[in-house]
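Here the structure comes first, spelled out in structure tokens, and everything after it is commentary.
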Amino acid sequence: MPDTASNIPDKPSLDGIEARWMQRWEGDGTYDFDRTATRDEVFAIDTPPPTASGSLHIGHVFSYTHTDTIARFQRMRGKSVFYPIGWDDNGLATERRVQNVTGVRCDPSLPFDPGFVAPFNGDVPKDHRAIPVSRPNFVSLCHDVIHDDEQVFEQLVRRLGISIDWSLLYTTIGQRAQRTSQLAFLHNLARGEAYQQDAPTLYDIDDRTAVAQAEMVDREVPGAYHKLAFHRRADDGTAGDGDLLIDTTRPELLASCVAMVAHPNDDRYKALFGTTVRTPLFEVEVPVLAHHLADPDKGTGVAMICTFGDTTDVTWWRELDLPSRALIGFDGRMAADTPDWITTGGGRAAYEQIAGLAPKQAQRKIVEMLLETGEMLGEPRPITHPVKYYERGSRPLEIVATRQWYIRNGGRDEALRNELLHRGQDLRWHPDYMFNRYQNWVGGLNGDWLISRQRFFGVPIPLWYRLDGEGLPLYDDILIPDDGRLPVDPSTVCPAGFTEDQRGKPGGFMGDPDVMDTWATSSLTPHIAGGWVDDPDLFARVFPMDMRPQAHDIIRTWLFGSVVRSHHEHGCLPWTDAAISGWILDPDRKKMAKSVGNVVTPLPLLQEYGTDAVRYWAASGRPGADTAFDAGQMKIGRKLGTKLLNATKFVLGFGEPPDGAAPTAALDKALLARLAEVIDESTRALDGYDYARALERTEAFFWWFCDDYVELVKGRAYGTQGDDEAHSARAALRRALEIIVQLFAPFLPFVTEEVWSWWREGSVHSSGWPAAAPLASIGDVSLLDPVSEVLAAVRRAKTEAKLSQRATVDRLTIEGPAVTLAALEACRTDLAEAGGINEFVTSEAAALVTAVTLTPSTDSTAAH
RNA sequence: GGGCGCAUAGCUCAGUUGGUUAGAGCACCGCCCUUACAAGGCGGGUGUCGGGGGUUCGAGUCCCUCUGCGCCCACCA
């Protein structure tokens with residue numbers, strides 16, 4: 001055992017402890033995963049890989065702290081903790097960052113330029129027009145930028161004191177992640193869980209890619225109803241009695257109109273079903289049809305069906321077997337050539353007016369023309385309505401028919417949907433009501449998971465297609481790489497049995513140009529981190545994992561995607577428990593988000609209050625609860641750390657009790673018995689992922705320990721009542737303090753390690769978790785409340801008399817029930833010393849009543 | 001339209017299967033340099049537990065209902 005006195009600093013301080021202990025932990029491998037541990041000895045965590053681009057956010061500190069408290073708890077109780085970290089660096093977020101930082105954009109039609117150098121590195125002028133570069137050049141730039149970003153980001157994350165094993169670091173664009181992602185996809189393909197389909201798809205015209213249902217958001221935006229007249233009589237050119245009137249918010253799609261629709265029971269329109277009407281301006285005959293989705297209360301009760309204005313149009317188009325007259329292309333503009341379904345001279349002339357325009361311009365032009373012909377009635381009536389956007393997008397999604405890859409997720413298959421619902425039900429959710437979001441999402445799926453993206457910096461879809469005699473792709477004639485060749489980039493590698501000069505040639509092949517959605521890779525984080533593709537021994541020790549920590553907003557993406565992949569691949573859940581943390585709200589209770597501009601960066605906070613104090617704030621946030629940013633809580637955390645330093649110094653300062661000394665005094669034994677209750681509660685709370693409760697219980701106990709218990713026994717510990725009594729107090733103080741430090745260790749890793757080092761060998765973080773059982777029956781906790789109550793009464797009397805707490809009490813009379821008096825009697829001498837009480841009289845009564853007679857003099861002789 | 005969460009002191013929040021007089025910290029006020037800590041300690045005031053109804057010997061807690069706030073989802077013409 002180290003020499004106690006020499007290890008305790010004269011003036012304990014929190015300053016600089018982070019750097020000191022982080023270095024030590026790194027050197028000692030304190031958080032290294034022991035890969036000889038078997039699955040039941042392992043606690044495996046599927047840590048969220050943050051986007052390394054950009055800066056660290058206070059929300060990272062918040063949720064990563066929550067996970068870390070659980071990791072540290074499990075480690076202390078003897079588990080080998082598998083605690084990896086990764087950077088989610090593939091995908092559109094990185095592409096955008098690279099565009100913003102370097103001033104380029106990707107144009108895959110361009111050839112590779114080996115000598116290309118990015119025009120900027122950071123400060124791109126506002127009026128700069130992005131320079132188009134080839135795909136290989138662009139991807140190479142992406143790698144450069146994320147490499148730099150990740151170096152910076154790692155240093156920031158390390159500053160948080162999270163007990164991750166840095167040797168397990170992965171990236172979602174890394175070779176292992178790409179192999180994992182491609183192999184899982186090929187397995188899905190082989191089992192029929194992945195398929196391609198040419199169908200109307202929600203498409204972002206700015207990013208030029210399809211997006212998945214999970215990445216769409218509704219935004220309330222201004223729009224306007226336009227009342228348009230469709231003509232029932234062939235000779236009618238302007239609005240008249242015979243016209244069929246509709247309301248539309250998207251008059252620019254008029255040229256794509258394929259039919260009109262009303263509810264089958266709508267008496268106003270029953271007679272028209274089966275007839276045709278002629279569209280305004282373009283003079284195209286379209287049928288009037290009946291469908292139950294038509295809402296008689298909306299607009300005029302008749303809608304025009306366009307290919308495609310919204311997802312209802314898609315439904316109608318499919319169910320009513322309508323032709324496709326799509327005009328908005330991948331660039332978001334109206335087709336340049338006048339379509340052949342517009343046949344009249346007037347119609348074709350009208351279309352020429354809008355050819356090549358973006359939707360908004362086209363709308364303006366169409367309205368202008370309609371007003372001229374009198375086919376629009378009245379003014380547009382402004383409304384606000386929900387419109388689908390890509391969650392990162394700035395213009396509404398359009399619907400474009402394209403060939404895409406999908407993974408089955410129950411969106412089109414009731415049986416699979418139910419299986420996945422059951423998986424979600426089997427997962428233990430913390431807090432449990434978060435399951436509702438999963439259920440809600442799975443229940444509301446309306447299609448399979450679209451995983452292909454027409455982007456560049458991602459995991460390529462590892463497939464080629466044979467080309468026919470004219471050089472056109474035979475999408476059903478898929479060429480699949482052997483597992484051993486993964487990861488492959490089909491745009492640079494050629495399929496087995498072909499040579500590179502057959503690329504793009506008739507009878508040759510072409511690579512799939514798309515990459516996979518970033519979630520298609522990150523849904524495999526347990527597989528990537530666990531070495532599914534290249535380390536089956538490791539994978540068997542960690543999978544299925546124990547804990548998936550994440551925020552509630554990505555249940556529909558990351559969590560659900562992971563469940564889908566694991567269900568398909570292994571027929572099980574990827575983890576047993578999902579710990580869902582909330583968001584950080586700013587002081588006005590708005591969500592902190594980069595887009596809102598109210599983000600707090602944690603570094604200054606870590607510097608001002610210390611990592612432990614910031615963690616204290618984070619750990620005070622209830623699981624799943626959105627929590628207000630509160631620097632006040634950090635101050636309290638700082639105070640708590642300081643108190644722990646001082647209390648430890650004081651307790652150790654009494655000196656070490658002799659070997660074999662055990663708590664014998666009733667008060668000391670009661671203390672340990674109460675501590676057993678705290679251990680028990682804290683353990684149960686952490687077992688249930690309720691770190692906040694565990695911290696609160698430990699903290700409340702600690703302050704009581706300092707304020708009452710230490711004050712009561714410090715005289716005795718100094719030896720005022722003799723050696724045996726002193727040894728009992730010292731033994732109890734040390735035992736309690738040791739356990740308190742252990743109970744705090746998951747929350748305040750630095751200060752606990754600091755004080756632990758003053759009298760113990762090794763790290764507190766591998767010192768084991770305290771057991772309640774040996775202490776539980778040591779003493780009688782019921783002693784403690786009466787003693788605290790009397791102590792408070794004495795203090796109150798002194799305060800009310802405006803005396804120092806050192807003032808002497810002449811006489812303390814206590815009336816109370818026999819059990820209470822017995823409790824006080826057991827601690828009589830400690831109470832008398834702590835309160836400076838000369839005479840201490842008790843008598844039996846129904847209720848506890850304390851009377852304090854103070855010595856009038858406040859001079860220094862009042863001290864004992 | 002469907003679902004979920006929240007509402008307790010001026011502020012941030014605890015309050016476990018219903019159980020004495022509803023708690024903590026911050027803030028505020030007062031006292032105290034006391035042999036760990038003045039960047040500290042001790043003590044104090046503060047509540048229609050969102051409104052209404054019900055179950056119960058007993059409701060902050062359970063049930064119904066209403067209101068407000070937030071979030072998720074939905075076929076949004």
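Below, chain A is the first sequence line, B the second, and so on; all start at residue 1. From a predicted model like this one, the values you see are computed outputs, not experimental measurements.
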Look at the side chain of [X] and decide which nucleotide, out of [options], has an atom nearest to it.
| X | options | result |
| --- | --- | --- |
| A:Lys298 | B:C75, B:C42, B:A77 | B:A77 |
| A:Arg437 | B:C75, B:C26, B:C72 | B:C72 |
| A:Ala628 | B:G43, B:A77, B:C13 | B:C13 |
| A:Ile636 | B:U34, B:C26, B:A38 | B:C26 |

Next on the checklist: If you assign each of A:Thr248 and A:Val217 to its closest nucleotide in RNA chain B, which residue comes earlier from the 5' end?
Outcome noted: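 Comparing both residues, the 5'-ward one is A:Val217.
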Checklist entry - Mapping A:Trp583 and A:Ala792 to their closest nucleotides on RNA chain B, which lands nearer the 5' end? => result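 Its nucleotide being nearer the 5' end, the pick is A:Ala792.
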Next on the checklist: Taking salt bridge (Lys or Arg N to Asp or Glu O under 4.0 Å) as the definition, give me every residue that meets it alongside A:Asp680, ordered by chain and number, with sequence neighbours left out.
Outcome noted: A:Arg684
Item to check | Test salt bridge (Lys or Arg N to Asp or Glu O under 4.0 Å) applied to A:Arg268 - qualifying residues, sequence neighbours left out | outcome: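 Only A:Asp266 meet the salt bridge (Lys or Arg N to Asp or Glu O under 4.0 Å) criterion with A:Arg268.
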What contact category does [X] fall into here, base, sugar-phosphate, or nothing, at under 4.0 angstrom with non-hydrogen atoms?
| X | value |
| --- | --- |
| A:Asn446 | sugar-phosphate |
| A:Trp703 | sugar-phosphate |
| A:Thr249 | sugar-phosphate |

Item to check | For A:Phe230, the option from A:Val302, A:Leu254, A:Val288, A:Asp243 that meets side-chain contact (heavy atoms from CB on, under 4.5 Å) | outcome: A:Leu254
Next on the checklist: Give me the stems containing RNA chain B, sorted by first residue, counting only three or more consecutive Watson-Crick or G-U pairs with both distances under 3.5 Å; say none if there aren't any.
Outcome noted: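 Only these stems qualify: B:1-7 with B:67-73, B:10-13 with B:23-26, B:28-32 with B:40-44, B:50-54 with B:62-66.
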side-chain N/O [X] vs [N] OP1/OP2, d < 4.0 Å:
| X | N | answer |
| --- | --- | --- |
| A:Lys388 | B:C75 | yes |
| A:Gln213 | B:A74 | yes |
| A:Tyr718 | B:A36 | yes |
| A:Lys643 | B:G41 | yes |
| A:Arg796 | B:G44 | yes |

Item to check | Protein-nucleotide distance (A:Glu711, atom CD; B:C37, atom P), rounded to Å | outcome: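 About 11 Å, once rounded to whole Å.
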Checklist entry - If you measure from the Lys or Arg side-chain nitrogens to the Asp or Glu carboxylate oxygens, is any gap between A:Asp785 and A:Arg674 under 4.0 Å? => result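 Here A:Asp785 pairs with A:Arg674 in a salt bridge, since their nearest N and O are under 4.0 Å apart.
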